[in-house]
Amino acid sequence: MSVKRREVKKVRVPVPEQDPHVRIHNFNEVALGYSLEQAVEEASRCLQCHVKVAPCIKDCPVLVNVPGFIKKIVEGDMKGALEVIMETNSLPGITGRVCPQEEQCEMNCIMGKLGDKINIGKLERFVADYAREHGIRPEVKIAPPTGKRVAVVGSGPAGLTAAADLRKMGHEVVIYEALHEPGGVLVYGIPEFRLPKEIVRYEVEFLKSIGVKIYMDVVIGKTLSLYDLLEEFDAVFLGTGAGTPNFLNVPGVNCLGIYSANEFLTRINLMKAYLFPEYDTPVKRGKRLAVIGGGNTAMDAARSGLRIGYEEVYILYRRTRDLMTARIEEIGHAEEEGVKFMFLVNPVAFKCDENGWVRAVTLIRNELGEPDESGRRRPIPIPGSEFDLEVDAVVIAIGQRPNRILYQEVPELEVSRDGTIIVDEKHRTTLRGVFAGGDAIRGEATVVLAMGDGKRAAMAIDEYLKTGEWPERIVPMKLAQAD
Amino acid sequence: MFEIVGKRELAPNIKWIKVRAPLVARNARPGQFVVIRLHERGERIPLTLFRWDKEEGTIEIVFQEVGKTTYELGTYGVGDKIADVVGPLGKPTHIENFGTALVVSGGVGAPIGYSITKALKEAGNYVISIIGFRNKQLVILEDEFREVSDELLVTTDDGSYVRKGFTTDVLSELLESGRKVDYVFTVGPVIMMKKVADITRKYGIKTYASLNPIMVDGTGMCGACRVTVGGRVVFACVAGPDFDAHQVDFDELMKRLAQYREEERVALERFLQVSVVRG
C-alpha cells in the first residue's frame, strides 16, 4: 500500500452536537455540522488514495466521487465540491445526514489503518448546507429533450433519485405523490431532529428547478391506475416504499394509545403534532412510553416520544443490544437522551382499562437460541417469566411492508409473498414498461439503497426508452435480506 | 388546491359543499371517501362522498360540524380553496341485485346511505330506505332518498317529524311484520349500526356497515383506523370502509373513535374562541 509519507492528523474533527439535556425538549437538529474551518481541517486529513476506484466510492450505493469532492473542499471550492457530489447524488443534504456511512463510504477508508476514518458523511452534509446557506447552485447538464415521458410513483428517496437522473437524461418526468408533501419517508418517517424538513424541501426544489413536475394528493391505484399511467407515459417507475406497518398479533393490540411507528411518526413529523394545538393533529402524551423494536425507526419513535414530553421512554427489544439493527450513532443518541433499553423481552399481551386505554404491556423474557435465517440468534421465550410494565402509550416499530394499494388491481405485476414487487437486475417488473426500486422491492432498507435503486432504474429506463427491448421473462434479482 | 364551487346549509350544523376535484370525480364509486386537509396547519380527516359528476369534475360532500376541522370547513365559502383532497379512497361498496335491499341510514350517515340506495336501485333491487334523525330540524335529503327508493320510511328520535323512534325500531317492526329482505346496508352512528346488526343477525340477513374510524393518511400507512372484524385486525381505509356488520367489533370501534375526545375539545374551544375574537 502506497501511502504518502506526510504528517496526517489521526483524529477526526469532532462534530458539535446539541446538549442531550437541551435537545430532548426541542425538535431542532441534534448534530450541528461542521463550520467552514472544521470542514477544511477534516477534509485535509483525506489521503486522496491513488487507486483506480477508491474504497469510499466503491462502497457507495450512488457512487459519489468522495476523494473528488473532498479535494474541492480543501481547495475552498464549495461550488466545485457540490457539483462533484451532484454528478451522481441529487440529494446531498439528505444522504449527508441519514446514510449509514460506517457501513458504506467510511467502512473501508484507508485512513482507518492510521487513525480515525474520514468523516465523509459530515463533509457531504457540510457541502450541501454551505451551498444552501450561501445560495450556491450547481450547474447541471440536461440532455436535449428526448420526447419521452416517464411517470414516477412516490416521491421518496428512490423516486426523487430516479426522477432527477431521468430528467438529466432529457426525459420529461412527472412524480405522483399520495401525501400532501413530497419526500415520502423523508418527511413522514425520519424526524425533524435527524433530518430537518427544510432540507428535504430544498432538495425537492432543486428537482423542480431542473423541470421535474410533482403532483401531490394522487394515490396511484385509487386516484389514477397504473394502466392510466401506462397509457400516458412511455415508462413508469414505482418507488412506493414500504408503507404498511406490521402489528403484533397479540391480545389487546387495538387498545387505545397503541400506535404503529408509522402513525406515531407521521402524526409528529408530517402533521406536526408536537405543535398541537397550533397545528390541528394531536398525538397522545403521557408519562411512560414503550417502543417495541430495535431498528432505526424504534430509535426515532423513542426519541420523538421524549421530545413530546414523555418522562420515561423504554425500548423493548427481543434480542440483545449487539443484535439491534439501528445505527450505532442512533442508539448512542437515544442513550444520551435517557431512553431506557430492556433487552430479551417480547410483548405477549396488552392490558387496557375499562375505557380501552392501554395500561400495561405484558412481557415475557427471552433467551437466545440458534441463529435464524437473518444469521442472528433467535430469541426463545422462557416459560413462566411473564411480567407487566405499566405504560401510558405504546409504539410498535417491528417493521413495515409494501403497501398493496398500488397493485391490488394489477394482476400482471408479480409480487412476492411478503408483498415486495419482483424485479430483475435492471429493475424491470413483470409488467412491460414498469420498473421498481427502493423499499417497494426490498421490504425495509435504507434511504441510500433506495437511491441506488432509483439510479440504476433510471439507467435501465433510459435504455428501454432507446431500444424498446423488454425480456420475455423476468429473472428475479437477488436482494440482500433486509433485517 | 381544490376550489369550493357550491355550498348550502342543509340543517343546523350540517352543510353541503361541491368541490372541484376532477381526478376524484372521474373514478369515484358509491361508498368511497376522500381525505381532506384544509390548510398548512390542518389535520387530515376522512369525509364520505355524497355525489360526484365526472363531466363537471366535481364532488359533493355533506358534513356535520362536530370538531375543529369540520367547524372550520363550515366557514369556507364558494371560491375558497381546500389545500388537499385525496381520493377516491376505500373499496367501493359491493353492489349487485340482491332482490329486496334495505338501507338504514342515521343522521349524517344519510349522504352515504343515499349514494348506496341509488346504486342498489340502479342495479335492479327493490329498495326500502329507512332514514332517521334526532328531530325535524335535522332531517336532510328526504327528497333525494324518495327519488331513488321504492319505499321510504322516515323517523325522528323525538317524534317531531313523521313518527317517533329510532331507525332500529322501524327496522324491527318491518322485519317482525314478515317483510322479506335479502340484504341490509347500514351507515350512521356506531351504536345504531351495532343495533342494526344485532337485529338482522336474528333474521340471518346479510348486512354490511360503512365504518367511520379515525384515519390519518387513508391509504393503509398508519393503522389508526384498525378495526376488528371476525376476530381479525384490519385497516378500514383499505380493506373497508364496508364490512360484514355481523362480524364487526362495534364496541371497540366506539372506544377507538373517542381516542382524541379531549384533544378535540381543546382544539374546538380554541378555534371557536379565536373565531369569536375575529368576529
Side-chain angles (χ1 to χ4, degrees), chain A residues 177-181 188-189 215-219 221-225 228 241-249 253-267 270-273 275-285 352 354-357 396 400 402-406 408, chain B residues 2 21 23-24 26-27 32 34-45 67-69 72 83-91 214 216-228 232-233 235 237-238 249 251-256 258-260 262-264 266-271:
Chain A
E177 167 57 47
L179 289 170
H180 55 261
E181 220 180 290
Y188 75 73
Y215 292 116
M216 254 59 80
D217 296 332
V218 181
V219 183
K222 288 287 170 192
T223 315
L224 293 171
S225 72
D228 290 331
T244 301
N246 295 329
F247 276 92
L248 289 159
N249 190 17
V253 73
N254 279 7
C255 291
L256 308 192
I258 300 181
Y259 291 99
S260 69
N262 256 7
E263 182 184 355
F264 191 70
L265 291 170
T266 296
R267 283 180 181 272
L270 181 69
M271 306 310 297
K272 298 208 169 19
L275 298 174
F276 178 87
E278 280 295 315
Y279 280 68
D280 293 342
T281 306
V283 66
K284 254 320 154 201
R285 293 160 198 248
C352 42
E354 67 282 5
N355 294 319
W357 284 100
I396 300 175
Q400 278 107 239
N403 193 332
R404 287 167 195 264
I405 201 164
L406 167 86
Q408 54 195 5
Chain B
F2 299 81
L23 288 183
V24 181
R26 201 178 75 120
N27 287 322
Q32 290 190 296
V34 289
V35 164
I36 66 149
R37 190 182 69 132
L38 291 182
H39 49 68
E40 181 57 36
R41 297 187 167 206
E43 63 179 334
R44 295 171 65 103
I45 62 159
K68 190 254 171 183
T69 300
E72 191 171 6
D84 304 281
V85 176
V86 194
L89 298 174
K91 287 194 174 140
I214 293 170
V216 183
D217 61 288
T219 63
M221 250 186 62
C222 78
C225 66
R226 57 197 197 272
V227 289
T228 303
R232 280 183 56 231
V233 175
F235 293 4
C237 67
V238 283
D249 185 340
D251 294 330
E252 179 188 273
L253 175 61
M254 264 183 268
K255 285 179 184 164
R256 291 189 62 81
Q259 188 156 190
Y260 294 100
E262 181 54 24
E263 289 82 356
E264 281 161 11
V266 169
L268 179 61
E269 277 178 11
R270 191 169 172 277
F271 174 73

Colleague: Side chain from CB out, backbone as N, CA, C, O: work out which of these in B:D84 comes under 4.5 Å of a heavy atom of chain A, or both, or neither.
Modeller: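 Interface part for B:D84: both.
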Colleague: Against chain B, label A:K222 side chain, backbone, both or neither, depending on which of its atoms sit under 4.5 Å from a heavy atom there.
Modeller: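 Backbone plus side chain of A:K222, per the 4.5 Å heavy-atom cut-off to chain B.
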Colleague: I'd like to know if the side chain of A:N262 pairs up with that of A:S260 as donor and acceptor (distance under 3.5 Å, no hydrogens or angles considered).
Modeller: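 No, A:S260 and A:N262 have no side-chain donor paired with an acceptor closer than 3.5 Å.
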Colleague: Side chain, backbone, both or neither: which part of A:I405 has a non-hydrogen atom closer than 4.5 Å to chain B?
Modeller: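 Looking at A:I405, just its side chain touches chain B.
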Colleague: What part of A:R404 lies closer than 4.5 angstrom to a heavy atom of chain B: side chain, backbone, both or neither?
Modeller: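 No part of it gets close to chain B.
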Colleague: Just to verify, what does A:E278 make a side-chain hydrogen bond (donor to acceptor under 3.5 Å, both in side chains) with, not counting sequence neighbours?
Modeller: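 side-chain hydrogen bond (donor to acceptor under 3.5 Å, both in side chains) list for A:E278, sorted by chain: B:R41, B:R270.
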Colleague: Do you see a donor-acceptor pair shorter than 3.5 Å between the side chains of A:N254 and B:T228?
Modeller: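 There is such a pair between these side chains.
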Colleague: Could you tell me whether the side chains of A:T244 and A:Q400 share a donor-acceptor contact shorter than 3.5 Å?
Modeller: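 A:T244 vs A:Q400: no donor-acceptor pair found between side chains.
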Colleague: Of all of A:A261, A:G356, A:G257, A:P245, which one pairs up most often with chain B through heavy atoms under 4.5 Å apart?
Modeller: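 When all of A:A261, A:G356, A:G257, A:P245 are compared, A:P245 has the most.
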Colleague: Report which part of A:I258 has an atom under 4.5 Å of a heavy atom belonging to chain B: side chain, backbone, both, or neither.
Modeller: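 Contact with chain B is through both the backbone and side chain of A:I258.
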Colleague: Below 4.5 Å, heavy-atom pairs only: which of A:E181, A:Q408, A:K284, A:K272 has the largest tally toward chain B?
Modeller: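 Option with the top pair count is A:K284.
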Colleague: Of all of B:G218, B:G87, B:C222, which one pairs up most often with chain A through heavy atoms under 4.5 Å apart?
Modeller: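 Among B:G218, B:G87, B:C222, the one with the most close pairs to chain A is B:C222.
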Colleague: Name the region of A:F264, side chain, backbone, both or neither, that has any atom closer than 4.5 Å to a heavy atom of chain B.
Modeller: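 For A:F264, no heavy atom lies under 4.5 Å from chain B.
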Colleague: Under a 4.5 Å heavy-atom cut-off, does chain B meet the side chain of A:T223, its backbone, both or neither?
Modeller: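 Both the backbone and the side chain of A:T223 come within 4.5 Å of chain B.
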Colleague: Select one option (side chain, backbone, both, neither) describing which atoms of A:V283 are under 4.5 Å from chain B's heavy atoms.
Modeller: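 Backbone only.
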Colleague: Salt bridge or not for B:K68 and B:E269, using N-O below 4.0 Å?
Modeller: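 Salt bridge flag = no for B:E269 with B:K68.
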Colleague: Does the pair A:L224 and A:V218 meet the rule for a side chain to side chain contact (heavy atoms under 4.5 Å, CB included), with working shown?
Modeller: CA-CA 7 Å; A:L224 293 171; A:V218 181; 4.0 Å; yes
Colleague: Does a sphere of radius 6.0 Å around CG in A:N355 hold more than 12 heavy atoms from other residues, nucleotides or ligands, not counting ones at 6.0 Å or beyond?
Modeller: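 Yes, the 6.0 Å shell around CG holds more than 12 heavy atoms from other groups.
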Colleague: Heavy-atom pairs under 4.5 Å with chain A are the metric here; pick the option from B:T219, B:L89, B:V24 that has the most.
Modeller: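 When all of B:T219, B:L89, B:V24 are compared, B:T219 has the most.
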Colleague: Tell me the closest heavy-atom pair linking B:K91 and B:V238, and the distance in Å.
Modeller: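 Shortest heavy-atom separation between B:K91 and B:V238 comes out as CG-O, 3.6 Å.
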Colleague: Can you name the residues that form a side-chain hydrogen bond (donor to acceptor under 3.5 Å, both in side chains) with A:Y259, not counting sequence neighbours?
Modeller: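 Partners of A:Y259 under the side-chain hydrogen bond (donor to acceptor under 3.5 Å, both in side chains) test: B:Y260.
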Colleague: Top residue by heavy-atom pair count (under 4.5 Å) with chain A, among B:A258, B:G220, B:A267, B:G223?
Modeller: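 Most heavy-atom pairs within the cutoff with chain A belong to B:G220.
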Colleague: Given that the side chain runs from C-beta out, which part of B:I36 has a heavy atom under 4.5 Å from chain A: side chain, backbone, both or neither?
Modeller: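 Contact with chain A involves no heavy atom of B:I36 at all.
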Colleague: Does any heavy atom of chain A fall under 4.5 Å from the side chain of B:E252, the backbone, both, or neither of them?
Modeller: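 Contact with chain A is through the side chain of B:E252 alone.
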Colleague: Looking only at heavy atoms, which two atoms of B:R226 and B:V233 are closest? And how far apart?
Modeller: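 Scanning both residues, the minimum pair turns out to be CB-CG1, 3.8 Å.
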Colleague: Report the option among A:L179, A:T266, A:L270 that has the most heavy-atom pairs separated by less than 4.5 Å from atoms of chain B.
Modeller: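 Answer, by heavy-atom pair count under 4.5 Å with chain B: A:L179.
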Colleague: So what's closer than 4.5 Å to chain A heavy atoms on B:A83: side chain, backbone, both or neither?
Modeller: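 Backbone only.
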Colleague: Measure from the side-chain N and O atoms of B:R37 to the backbone N and O of B:E40, and report whether any donor-acceptor pair falls under 3.5 Å.
Modeller: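 Confirmed, B:R37 side chain pairs with B:E40 backbone.
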Colleague: Do B:F235 and B:C225 have side chains that get closer than 4.5 Å, going by heavy atoms?
Modeller: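 Sidechains of B:C225 and B:F235: in contact.
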Colleague: For B:R232, is it the side chain, the backbone, both or neither that has a heavy atom under 4.5 Å from a heavy atom of chain A?
Modeller: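 Contact with chain A: none, neither part.
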Colleague: Select one option (side chain, backbone, both, neither) describing which atoms of B:V35 are under 4.5 Å from chain A's heavy atoms.
Modeller: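 B:V35 has no heavy atom closer than 4.5 Å to chain A.
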Colleague: Sort A:D228 into side chain, backbone, both or neither according to what part of it lies under 4.5 angstrom from a heavy atom of chain B.
Modeller: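 For A:D228, the side chain is the part near chain B, not the backbone.
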